[in-house]
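Everything below concerns the one structure shown next.
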Amino acid sequence: AFGLPDWEIIDGLDLEQQLTNCLLQWEWLTVQEQQQDAFYLTQKIRRHEEQFEEVQLDSDATFDFFIQLPEADQQSIVNGLIAEKESSLWQPVLQDTYSHWYSFYLHLVEQYAPDLYLEHLRETIPERWQNGLPIIETLLAQKNYKKSLVLIEETLQALLKSYRIDTVWTPETSLLSTTLGFYEGDTQSVSKLLSYYQETAEELNQTERVKALEMQQLAMVATRTAEGIAQWSNWSTMFQAFAETSVSASTQQALFVSWRDYIAHRAKPSTWNQYGIKAVDNWWVLWLIDSVADAQKGANWFQQQITQWIAELPGDKIQLGENYNILRLLTKDLTEIQDNGNSSYPQFYEVVIRPKDFSTQDEQSRREYLQQYAPVNLLEQVINYWKTNLQEFVPQPEFAQKSDYTEHAHWMVALKELSPNDYQALLEQWRVAHQRRRNLWKAMKQEGLIV
């Protein structure tokens with residue numbers, strides 16, 4: 001049935017579902033005529049796969065074909081697979097947790113050999129962490145909580161390893177959702193694992209851990225809605241979760257900091273392509289979160305922090321370091337709050353702030369709290385900074401690539417809009433220093449600048 005023409009197959013040949021099903025039906029009829037059993041058929045198909053590596057059967061069709069066989073035939077197959085699982089023919093595919101043969105074998109073992117099913121799941125936890133869940137569930141039903149704890153820790157380790165996380169995680173030190181980078185995979189299974197952990201800890205009288213795991217579950221629930229929409233970004237939901245969960249002060253602080261720092265990390269504009277840039281670790285998103293979380297700080301503290309920060313910002317882009325993009329983010333947020341994105345300086349907004357550069361899932365929550373806590377004149381303070389210093393940030397023509405001055409002309413349009421006097425002064429400098437750069441003046445004229 002796998003006989004092929006003499007032409008060369010370069011990229012392989014994938015058989016579609018209907019063709020795969022026809023081939024399997026044909027082979028099954030042949031095997032029955034030979035008075036062989038269903039396991040013989042299974043062996044035959046597997047050998048075909050090894051012999052004709054270029055030909056790939058449809059995995060879904062293969063799985064569906066075998067599980068619709070009569071119960072006696074499936075029993076014959078599972079007995080054969082159990083006996084031959086260490087053979088060179090079957091070991092590679094039965095140890096591959098993503099193989100359709102693995103899925104089929106697991107299905108059969110669960111139906112006809114439940115003890116082996118759990119044993120097999122235990123062996124494959126490192127490759128597929130979700131396989132630990134049925135074992136834990138069985139141990140909880142047996143009230144074997146000590147062994148359940150061992151399996152939970154083993155499953156958590158496999159989960160973390162699947163995300164290449166080597167750090168040791170405990171419920172009291174950080175939110176699992178932030179440790180996983182606000183996990184967006186099989187959230188339902190992670191929540192189930194946490195609930196099993198909480199049940200086990202409660203039966204083992206680990207009071208503080210039970211409370212910490214309650215917080216973990218609240219954070220995980222806040223991570224995604226039932227519709228699959230990410231909700232970790234809802235600040236008010238998270239603040240409420242921290243307030244309503246009764247844990248020790250040290251645990252609450254550790255879990256809060258893990259969430260706060262990750263929020264700030266996600267919101268912070270990327271500077272990956274700017275070498276040697278001055279890093280900034282303490283900035284306005286952190287201040288905003290702390291001012292909301294700490295009633296003793298509140299809006300007054302945040303207003304003092306951000307006003308002082310703007311007043312002390314240097315006018316040199318190199319000295320600004322990461323503060324340059326952090327200020328752009330603040331400018332965008334304040335413009336969205338006050339003008340709904342319709343800046344009074346549209347050219348400046350599009351060329352310098354570039355609002356499309358900044359898009360994070362928590363931006364709506366961040367702006368809601370920024371509107372509540374920021375000084376009334378904060379946007380005015382920010383715009384005054386740009387008016388004073390924008391000419392220092394205009395790209396220098398001598399560093400243009402391939403005589404393309406389009407960006408330089410755009411910046412000059414923005415500078416003219418925001419600070420006409422500074423524009424005129426810089427234009428006079430360029431007339432002297434760059435009078436021979438024809439493409440520069442051509443680009444300026446194309447932007448409507450009279451030069």
Side-chain angles (χ1 to χ4, degrees), residues 110 114-115 117-119 121-126 128-163 165-226 231-232 234 236-260 262 293:
E110 183 180 13
D115 292 339
Y117 172 70
L118 294 179
E119 179 182 330
L121 286 180
R122 176 69 181 273
E123 294 172 354
T124 57
I125 289 175
R128 185 185 286 268
W129 66 268
Q130 291 94 333
N131 285 356
L133 296 176
I135 310 174
I136 298 167
E137 187 174 353
T138 300
L139 292 170
L140 289 174
Q142 297 170 352
K143 299 185 178 181
N144 192 341
Y145 302 113
K146 289 185 178 180
K147 196 169 182 180
S148 169
L149 181 59
V150 173
L151 262 295
I152 288 169
E153 292 173 347
E154 188 176 328
T155 304
L156 279 168
Q157 184 179 1
L159 169 61
L160 293 168
K161 188 176 179 181
S162 69
Y163 274 72
I165 300 172
D166 295 326
T167 57
V168 177
W169 177 82
T170 58
E172 299 85 3
T173 55
S174 66
L175 292 174
L176 182 60
S177 52
T178 63
T179 302
L180 297 175
F182 281 101
Y183 180 73
E184 295 185 358
D186 190 356
T187 311
Q188 185 175 1
S189 293
V190 177
S191 296
K192 185 179 292 186
L193 177 59
L194 289 174
S195 68
Y196 290 164
Y197 201 171
Q198 185 175 359
E199 181 180 348
T200 300
E202 189 169 3
E203 293 296 339
L204 294 175
N205 296 318
Q206 298 175 347
T207 307
E208 178 68 7
R209 179 149 294 184
V210 170
K211 293 178 179 179
L213 284 162
E214 182 181 345
M215 180 69 240
Q216 297 287 343
Q217 293 235 65
L218 285 170
M220 186 59 66
V221 169
T223 301
R224 295 180 75 82
T225 65
Q231 288 294 327
W232 60 265
N234 191 321
S236 61
T237 298
M238 294 304 297
F239 284 131
Q240 183 178 359
F242 286 115
E244 292 180 352
T245 306
S246 177
V247 293
S248 67
S250 60
T251 297
Q252 185 182 54
Q253 180 65 12
L255 299 183
F256 169 75
V257 168
S258 74
W259 173 75
R260 180 200 64 181
Y262 192 82

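Note that this is a predicted model, so its numbers are computed, not measured.
Within the 4.5 Å cutoff, no side-chain heavy atoms of Ile125 are placed close to those of Glu123. Side-chain contact between Leu156 and Leu176 is present, with at least one heavy-atom pair separated by less than 4.5 Å. Between Thr155 and Asn131 the shortest side-chain heavy-atom distance does not fall below 4.5 Å. Trp129 is listed as a side-chain neighbour of Val190, based on a closest heavy-atom distance under 4.5 Å. The closest side-chain heavy-atom distance from Asp166 to Leu160 is not below 4.5 Å. Using a 4.5 Å heavy-atom threshold, the side chains of Gln253 and Val257 count as touching. Between Glu172 and Leu255 the shortest side-chain heavy-atom distance does not fall below 4.5 Å. Inter-residue side-chain proximity for Ser258 and Thr179 is flagged as unmet; no heavy-atom pair is nearer than 4.5 Å.
Rounded to the nearest 0.5 Å, atoms CD (Glu199) and CD1 (Ile152) are 8.5 Å apart. Here CG of Leu140 is found 7.0 Å from OH of Tyr196. Values are rounded to the nearest 0.5 Å. In this structure, the separation between CD on Gln216 and CG on Leu175 is 5.0 Å, given to the nearest 0.5 Å. One distance of note links CD1 of Ile136 with CD of Glu154; it measures 9.0 Å at 0.5 Å rounding. Annotation: the span from Leu139 atom CG to Leu151 atom CG amounts to 5.5 Å, rounded to 0.5 Å. In this structure, CD on Glu119 lies 10.5 Å from CZ on Arg122, to the nearest 0.5 angstrom.
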Show your working on side chain to side chain donor-acceptor pair (under 3.5 Å) between Glu244 and Gln240 and close with a plain yes or no.
-> CA-CA 6 Å; Glu244 292 180 352; Gln240 183 178 359; 2.8 Å; yes
Verdict with supporting geometry, Leu149 and Tyr197, side-chain contact (heavy atoms from CB on, under 4.5 Å) = CA-CA 7 Å; Leu149 181 59; Tyr197 201 171; 3.7 Å; yes
Carefully, step by step, assess Gln188 and Asp186 under the rule side-chain contact (heavy atoms from CB on, under 4.5 Å).
-> CA-CA 6 Å; Gln188 185 175 1; Asp186 190 356; 4.1 Å; yes
Under the side-chain contact (heavy atoms from CB on, under 4.5 Å) rule, what do Tyr262 and Ser177 come out as? Steps first, then yes or no, please.
-> CA-CA 10 Å; Tyr262 192 82; Ser177 52; over 6 Å; no
Give the intermediate values and the outcome of side-chain contact (heavy atoms from CB on, under 4.5 Å) for residues Trp169 and Ser174.
-> CA-CA 7 Å; Trp169 177 82; Ser174 66; 3.2 Å; yes
Going through the checks in order, is the side chain to side chain donor-acceptor pair (under 3.5 Å) test met by Gln198 and Gln217?
-> CA-CA 9 Å; Gln198 185 175 359; Gln217 293 235 65; 3.1 Å; yes
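Among all heavy-atom pairs drawn from Ser189 and Leu133, the shortest one is CB-CD1, 3.7 Å.
Under a 3.5 Å cut-off, the side chain of Ser191 and the backbone N or O of Thr187 do form a donor-acceptor pair. Looking only at distances, a side-chain donor or acceptor of Thr245 sits under 3.5 Å from a matching main-chain atom of Ala241. Checked by atom type and distance alone, the side chain of Glu203 never pairs as donor or acceptor with a backbone atom of Lys143 at under 3.5 Å. Side chain of Thr124 to backbone of Leu121: a donor-acceptor contact under 3.5 angstrom is found.
Using cut-offs of 30° and 60° on the angle between ring planes, the pair Trp259 and Phe242 is tilted.
In Gln252, the CD atom is crowded: over 12 heavy atoms of neighbouring residues, nucleotides or ligands sit closer than 6.0 Å.
Between Lys192 and Glu137 there is no salt bridge, since no side-chain N of the basic residue sits under 4.0 Å from a carboxylate O of the acidic one.
The side chain to side chain contact (heavy atoms under 4.5 Å, CB included) with Arg209 is formed by just one residue from the set Thr200, Thr170, Val247, Thr251; it is Thr170.
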